[in-house]
Structure formats: structure tokens, C-alpha cells
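Please read the structure below before turning to the comments.
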2 protein chains.
Amino acid sequence: MQRVTIMDVAARAKLSPSTVSLYFRKPGAVSAAASASIARAIEALDYVPNLMAGGLAAASSRVASIIVPSVRNAFFAETVAAMQAELGKQRLQVMLGHTEYDEREEEDLVRTALSWAPAAIVLTGLSHSAVTRRLLRDSHVPVVEIWELGGEPIDMAVGFHHAEVGSMAASHLMQRGRKRLVFLGARLQEDRRAGQRAQGFVDTARSVPDVSAEIIRHPAPATAEVGAMLLAEALRRCPEVDGIACSNDHIALGAMFECQRLGVAIPGRLSVVGFGDLSFSAACNPSMTTIRPPGDLIGKEAARLLIARIASTDATTERAVIDTRFSLLHRQSS
Amino acid sequence: MQRVTIMDVAARAKLSPSTVSLYFRKPGAVSAAASASIARAIEALDYVPNLMAGGLAAASSRVASIIVPSVRNAFFAETVAAMQAELGKQRLQVMLGHTEYDEREEEDLVRTALSWAPAAIVLTGLSHSAVTRRLLRDSHVPVVEIWELGGEPIDMAVGFHHAEVGSMAASHLMQRGRKRLVFLGARLQEDRRAGQRAQGFVDTARSVPDVSAEIIRHPAPATAEVGAMLLAEALRRCPEVDGIACSNDHIALGAMFECQRLGVAIPGRLSVVGFGDLSFSAACNPSMTTIRPPGDLIGKEAARLLIARIASTDATTERAVIDTRFSLLHRQSS
DNA sequence: GAGGCGGATCGTAGCGCTATGATTTTCGGG
DNA sequence: CCCGAAAATCATAGCGCTACGATCCGCCTC
């Protein structure tokens with residue numbers, strides 16, 4: 001009573017193991033008669049291929065290792081889900097790793113990922129330890145970095161420029177006649193990309209005469225509670241504030257609720273712009289103006305790039321960098 | 001210029017491959033001197049172990065396959081993240097699969113998962129195809145089913161009874177003096193567990209004299225927009241409604257926003273109870289009464305069970321079933 | 001009817017590691 | 001110092017599959 005192998009299937013189908021192997025790898029290359037009898041044998045024996053043996057022999061596995069800060073974050077969850085859906089169609093497995101915004105952790109995850117001779121590795125952002133970069137380069141495994149553009153990618157990249165997001169938020173607020181701008185940011189040190197949005201925001205605002213802009217920070221992760229606290233602080237530190245941009249919609253929602261409690265009219269006295277277009281943003285009251293990052297598209301495009309690279313035998317495929325852009329959804333809060 | 005193997009490391013450390021292998025598998029069994037020289041060799045050669053070769057030889061891999069409906073859903077994202085954190089400490093990799101609430105898809109995912117000779121498989125819910133169950137039973141791989149209790153688990157289970165959630169919501173509303181109860185539910189057919197909550201809700205409510213309860217459904221996924229629509233319909237179909245429970249907090253939030261727009265006082269005229277305690281629930285205005293499922297705990301406990309089972313050589317470990325319970329957070333909306 | 005060609009099938013040598021039992025080394029006590 | 005047990009180390013036979021080149025077979029052409 002031991003494991004059914006490809007040999008058992010071959011014996012039962014009265015064919016050689018090579019043909020059965022071929023049946024899995026290049027179905028078109030096996031005759032219809034042989035295919036049918038192999039299929040019957042598989043069925044009868046309940047054969048489950050051993051992908052580790054296959055991967056070992058082929059010196060590469062059909063695994064894509066995806067490394068994100070955390071799948072608790074709706075942005076990355078969306079991208080991971082989209083990517084998994086696309087990769088799954090090509091029978092590529094997804095191995096998942098969480099860095100929790102820690103570069104050392106990421107390095108460990110990359111090391112482990114490489115132990116599986118993966119077909120591809122996906123990393124979040126462009127900022128990695130020197131060791132991570134070396135490991136990845138030496139491995140010759142296709143790499144896609146997602147959710148950030150603007151630096152030098154290791155290999156391929158799919159994402160957008162976060163500074164431009166901040167810039168767009170500032171422009172929008174100024175277009176609405178706002179001049180005293182504040183950026184509410186949670187966890188700006190760990191979350192480099194949120195930091196870039198903040199920086200883009202103040203840079204753009206301050207380049208215009210008569211407009212002031214400042215950043216108010218909180219070290220905790222972005223939640224509505226933190227948003228409420230940040231708004232209260234903004235009002236304290238800068239009572240004449242009339243335009244608010246937030247590091248994401250959680251913060252914006254908390255800020256809007258706090259305004260409601262304090263009787264600050266939105267958008268009458270204060271305009272609010274978020275980032276993310278989360279599940280509640282369109283529905284809330286007033287509905288939230290926000291900038292929508294295409295998390296889904298990032299996943300799809302990253303998968304597409306990887307699949308193309310894996311398929312192409314010649315390793316000279318170009319090192320694609322895809323700018324997915326993003327869009328501002330103008331709603332009632334501004 | 002080819003791959004560095006355990007042999008190369010052994011040669012450089014002037015030891016046998018077995019000892020190097022032992023160094024990875026049972027570090028304590030190797031002398032300090034040998035360990036040091038192996039560590040030096042690994043460093044010098046930049047050795048990356050090949051886990052597929054290891055898995056093949058050992059007939060089992062340090063991979064845990066986690067299969068959830070979708071990681072886009074914050075509940076499962078939380079559990080996956082918690083589980084990954086715990087499993088990662090034991091150097092167990094996570095492979096992720098998304099069923100999108102489709103049993104056939106799940107079956108495929110299980111089949112593929114088994115191809116990796118995983119150390120464990122995690123499934124969501126207790127409802128699976130007959131083939132899935134057979135495959136899993138025959139494989140002798142430890143299985144944990146999460147997020148649902150009440151049926152016959154394949155092996156182990158960690159979760160809670162969803163009918164009890166509905167029951168608790170109904171009891172709470174009745175305790176607050178509400179008698180015309182409505183359950184707002186999105187996607188109740190696909191999401192069996194939401195259906196169980198709805199059923200528990202009406203069963204409990206209807207067992208009390210003078211209390212009415214009905215379910216209002218929508219086939220789309222749970223979003224705040226759907227919640228707003230459902231609330232409007234509830235008011236239309238049952239104008240004297242005074243207590244609302246929702247299949248989750250997205251629905252509840254949408255319902256609350258819609259009440260705000262329609263001038264329906266919460267909790268004055270209408271009490272609202274959600275499910276999930278999502279990021280915005282405590283912060284919204286009025287703050288939302290909701291039932292919090294311990295997604296994090298489910299992940300931790302599932303991981304703990306798996307780790308214990310993997311460690312125990314004797315396969316006679318009991319088939320644990322852990323009821324994590326849940327709790328109602330009474331806030332302003334009820 | 002021989003020759004040749006292309007598609008289908010086959011035989012087999014590893015891929016890099018682990019498990020097992022064997023062997024060597026170490027060390028304390030008599 | 002020698003002995004025995006315990007600790008450390010070693011040698012080797014696969015794990016199940018794929019890749020490669022070899023072989024087979026049917027059919028068309030001249």
C-alpha cells in the first residue's frame with residue numbers, strides 16, 4: 001500500500017513513463033488513443049502527481065512566491081487575489097509571505113522562496129536590502145516588483161508613482177479653492193509609499209503662492225480611530241485648515257466622523273480626500289472623494305508579465321516597467 | 001557555474017553531506033565545531049538548500065496549503081495572516097488558494113495541494129465535495145477546517161457556530177426592547193455561514209411571542225451600497241421595523257448611512273447590529289454594535305493544532321475541535 | 001518496393017536531498 | 001589505561017520525475 005507513481009500509471013496504460021510524463025507536460029504531443037488510456041489509468045489508480053519530484057528533475061517548480069507587507073491590508077489582498085486568479089489559470093501555485101514592513105523579514109522570505117526554485121518571485125515596493133537584491137539577481141528567477149515606481153527595479157515592475165498621488169490630491173484641493181492644506185498620515189516611516197504620497201502632497205502645495213501645507217503623523221497603523229485623532233490634532237495645530245488629504249481611506253473616514261462629531265461641515269468648511277476607494281468610501285455620507293489605486297490591475301499585469309517571461313525560452317525578454325496610473329474619484333467630501 | 005549543493009558545502013567543511021543535512025534538520029545533534037565550520041562554508045558558498053529535493057527524499061514538505069474563499073475578505077485575510085505568522089516561526093511555508101466560494105474549484109485546489117505532499121491542509125468551512133473529502137482522508141495529511149463548527153469535520157476544526165451569532169444578535173435586539181426584526185443579508189446562498197447566521201437570527205426571534213423576524217436578501221457581495229439598498233427595502237417591506245441585524249459590518253455601515261440620509265434615528269427609532277467589527281465599526285457615528293469573530297485567534301489556534309500534529313510522531317493525536325466563541329460589542333447603534 | 005521523413009513512443013541517467021543503520025570518536029569510571 | 005556507552009559522524013540507497021537522445025512506425029514519394 002504505497003504511493004501511486006507515474007510508473008504505475010504507465011504500466012496500467014501499457015505505455016512508458018516518458019509518455020505519461022509527456023501527457024502532463026505537453027498534452028498535444030501524445031496521440032488521442034494514448035491520452036485516453038492514460039486518463040483511464042489515472043482515474044482508476046487515483047494518481048496524484050508528485051510536483052516535488054517533477055520540480056527537482058526539471059530544476060524549477062511551477063510556484064510563484066508572492067511577498068507583501070501584509071495581506072490584512074486590503075490593497076495587497078486585492079492584488080494577491082487577482083494575481084492568484086491569473087496564475088492559477090496557468091497552473092502556477094502561489095506561495096505567500098508577509099514581511100510586516102520589515103526588510104530583514106523580507107530577506108528571509110526571499111531566501112526561503114529561492115529554496116523552492118520558484119518560477120517567479122513577486123516583491124512589494126522597490127526598496128530591499130542589498131542581500132535581497134544580490135540573491136535575486138544571482139538566482140536568475142524572474143522578479144516583479146509591485147505597487148511602486150520611480151526607482152531602479154531588480155527586473156520588472158508594475159505600479160505607479162506615489163508622489164504623483166499626493167500631488168494629485170493637493171492639486172484637486174487647490175482647484176476647489178483650498179489653501180490651508182494638511183496631510184494626515186499613519187505609519188509614514190514603515191510605509192514608505194504613504195510617505196511618498198505625503199511628500200508629493202506638500203511639494204506640490206508649497207510650490208503655489210499663498211498655499212500652506214503640512215504633514216501630521218501618527219506612528220500607529222492606519223485605522224479610523226487614528227484618523228479621528230489626527231483630524232482633532234490638525235484642527236488644534238492649524239485651526240484655519242480647509243483641505244485634508246489622508247494616507248488612506250481609513251484615516252479619511254475617521255477624520256470625517258470626527259468632523260461630524262465636532263460639527264465641522266464637509267465639504268462646506270473642510271474638503272477631504274482619501275486614498276484607496278475602500279468598500280465604504282462611495283457609500284459614506286457625504287461620499288468620499290478618493291484616489292483609487294488599481295490593485296486589481298497591478299495583480300493582473302504582474303501575472304501577465306510573469307507568465308510571458310516564463311513562457312519565453314529566450315531570456316532576452318525586455319525588462320518591462322508598467323505604470324498602471326490611478327484615478328481621482330470626485331465625490332461629495334470635496 | 002552550476003548550483004551549489006549540500007555536497008559542496010560538506011566538502012568545504014570537510015564533513016560528510018549527512019552531517020550537513022543533520023545541521024539543518026536537527027541542529028542540536030551536531031557539535032559546535034562542526035556547526036561553525038558548516039556555517040562558514042554555507043556563507044562562503046552562498047548555499048541555498050533545495051527544498052524540493054529534501055521534500056522528495058523525506059516524502060513530505062514543509063508546506064501548509066491554505067484554501068479560503070478569498071483573501072479579499074478581511075475575515076480570511078486576518079486568519080491567513082495570523083496563521084502564516086505562526087507557521088512561519090516553524091519554518092512552514094504557506095501556499096494559498098482561493099475557491100471564490102466554488103466547491104469544484106476547491107476540489108482542484110486540494111488536488112494540486114496534495115501534489116506537493118504538504119505537511120498540512122487548511123480548508124474553510126465544513127462543506128466540501130465528496131471527492132474532496134475522500135482525497136483528503138486517503139492522503140493522511142493533517143487537515144484543519146476553519147471558520148465553521150457544527151458539522152462533521154474531516155479531521156480537526158477551529159471556529160464557532162454561526163447560528164449562535166444570529167441568535168445572539170436577535171437576543172440582544174430583543175433585550176433592547178425591539179420586536180420587529182429584520183436580517184439584512186448579502187450573498188446568502190454562496191456564503192453558507194452568513195446563511196446560518198440569518199437562520200439562527202430568525203429562529204431565535206420567532207421563538208419569542210410578539211416578535212417578528214424576516215430576512216431580506218441581495219445576491220451581490222456584501223458592500224455598503226448593498227447595505228443601503230437593503231435597508232431601504234426593509235423600510236418599504238416592513239415600515240415598523242425597529243431592529244436590524246446584518247450579515248456583516250459593510251452591510252450595517254451602508255444601512256446606517258442610509259438611515260442618516262433618510263432621517264431615521266439610530267438608535268432612537270432603529271437599532272443596528274453588525275458582524276465583523278471591521279476597521280471602521282468602532283469609529284463610525286454612532287459607533288456600531290457588532291459581533292466580533294476572532295479571525296486572528298482562529299488562525300493562531302489552527303496553526304497551533306497543525307504544528308502539534310506535525311510534531312507528534314504517533315498519529316494517534318486526538319481530533320481536536322476548538323470552539324473559539326465570539327463576542328458582542330455593545331456600542332451606540334443599539 | 002526502397003528510401004526517407006516526421007510524429008509518437010521509449011530507456012535511462014540523474015536532479016539534490018534524507019533516512020537508515022553502520023562506524024568512528026569521545027569520555028567517564030573502574 | 002582499558003572498556004562500554006553515548007555522542008558524533010558517515011556511506012549509501014533511493015524518493016518520483018523529467019530531459020535527452022534513441023528508436024519505432026506508418027505513410028508518402030519516386
Side-chain angles (χ1 to χ4, degrees), chain A residues 1-38 41-42 45-63 91 112 114-119 139 310 313, chain B residues 1-38 41-42 45-63 91 112 114-119 139 310 313:
Chain A
M1 149 89 210
Q2 58 174 24
R3 197 179 171 101
V4 177
T5 73
I6 205 171
M7 307 276 246
D8 302 319
V9 174
R12 182 157 182 133
K14 301 210 197 307
L15 288 163
S16 76
S18 320
T19 308
V20 178
S21 173
L22 211 57
Y23 167 84
F24 284 111
R25 292 176 294 119
K26 297 182 186 149
V30 177
S31 71
S35 290
S37 100
I38 291 171
I42 289 172
L45 298 174
D46 241 341
Y47 171 63
V48 175
N50 184 329
L51 259 20
M52 288 192 298
L56 177 60
S60 122
S61 67
R62 293 193 71 75
V63 167
R91 326 235 84 219
T112 311
L114 288 175
S115 299
W116 287 99
S139 72
I310 292 168
T313 32
Chain B
M1 151 88 210
Q2 58 175 24
R3 198 179 170 100
V4 177
T5 73
I6 205 171
M7 310 273 248
D8 302 320
V9 175
R12 182 155 183 136
K14 300 209 197 309
L15 288 163
S16 76
S18 321
T19 307
V20 178
S21 174
L22 210 58
Y23 167 83
F24 284 112
R25 292 176 294 120
K26 296 183 187 150
V30 177
S31 72
S35 291
S37 100
I38 291 171
I42 290 172
L45 297 173
D46 240 341
Y47 171 64
V48 175
N50 185 328
L51 259 19
M52 289 194 296
L56 178 60
S60 122
S61 66
R62 292 192 71 76
V63 167
R91 325 237 84 217
T112 311
L114 289 175
S115 299
W116 287 98
S139 72
I310 292 167
T313 32

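No hydrogens, no waters, no symmetry mates; every other heavy atom, side chains included, goes into these values. Each chain gets a letter, A, B and so on, in the order the sequences are listed, and its residues count up from 1. Worth saying up front: this structure is predicted, and the values here are computed from it rather than measured.
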Atom [atom1] of [X] and atom [atom2] of [Y]: how far apart are they, to the nearest 0.5 Å?
X	Y	atom1	atom2	answer
B:Met52	B:Trp116	CE	CH2	6.0 Å
B:Ser115	A:Tyr47	OG	OH	8.0 Å
B:Arg62	A:Thr112	CZ	OG1	11.5 Å

*Which part of the nucleic acid, if any, lies within reach of A:Pro49 when heavy atoms closer than 4.0 Å are counted: base, sugar-phosphate only, or nothing?*
sugar-phosphate
*asked:* Once you apply a heavy-atom cut-off of 4.0 Å, does B:Phe24 come out as touching a base, just sugar-phosphate, or nothing?
replied: nothing
Hey, are the side chains of [X] and [Y] touching, using non-hydrogen atoms and a 4.5 Å cut-off?
X	Y	value
A:Ile6	A:Ser21	yes
A:Arg3	A:Asn50	yes
A:Ser61	A:Leu51	no

Rounding to a whole Å, what distance do you find between [X]:[atom1] and [N]:[atom2]?
X	N	atom1	atom2	answer
B:Ile6	D:dA11	CD1	P	14 Å
A:Arg3	D:dG14	CZ	P	19 Å
B:Leu22	C:dG21	CG	P	15 Å
B:Met52	C:dG14	CE	C1'	15 Å
B:Leu51	C:dT18	CG	C1'	12 Å
B:Leu56	D:dG14	CG	P	14 Å
B:Leu15	C:dT24	CG	P	16 Å
A:Asp8	D:dC15	CG	P	12 Å

Check whether any side-chain nitrogen or oxygen of [X] sits under 4.0 Å from OP1 or OP2 of [N], and answer yes or no.
X	N	value
A:Tyr23	C:dA8	no
B:Ser21	C:dC17	no
B:Thr19	D:dA8	no
B:Arg25	C:dA19	yes

*Taking the side chain of B:Ser31 as its heavy atoms from C-beta onward, which of C:dC17, D:dG16, D:dA8 lies nearest to it?*
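The listed nucleotide nearest to B:Ser31's side chain is D:dA8.
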*What nucleotide among D:dC15, C:dT9, D:dG16 has an atom nearest to a side-chain atom of B:Ala57?*
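Within the option list, the nearest is D:dC15.
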*Return the 5'-most residue of the pair B:Ala58, B:Ala29 with respect to DNA chain D, ranking by each residue's nearest nucleotide.*
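Comparing both residues, the 5'-ward one is B:Ala29.
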*asked:* Quick check on side chain to side chain contact (heavy atoms under 4.5 Å, CB included): which of B:Leu45, B:Asp46, B:Ile38 does B:Ile42 satisfy it with?
replied: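 When side chain to side chain contact (heavy atoms under 4.5 Å, CB included) is applied between B:Ile42 and each of B:Leu45, B:Asp46, B:Ile38, only B:Ile38 qualifies.
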_Pair of N/O donor and acceptor under 3.5 Å linking C:dG11 base with A:Ser18 side chain_ =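 Between C:dG11 and A:Ser18, which were checked side chain against base, a qualifying N/O pair under 3.5 Å is present.
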*Determine whether the side chains of A:Thr19 and A:Ser16 contain a donor N or O and an acceptor N or O closer than 3.5 Å.*
yes
*Note down the inter-axis angle between the two ends of the helix from C:dG1-D:dC30 to C:dG30-D:dC1, five pairs each, to the nearest 10°.*
30°
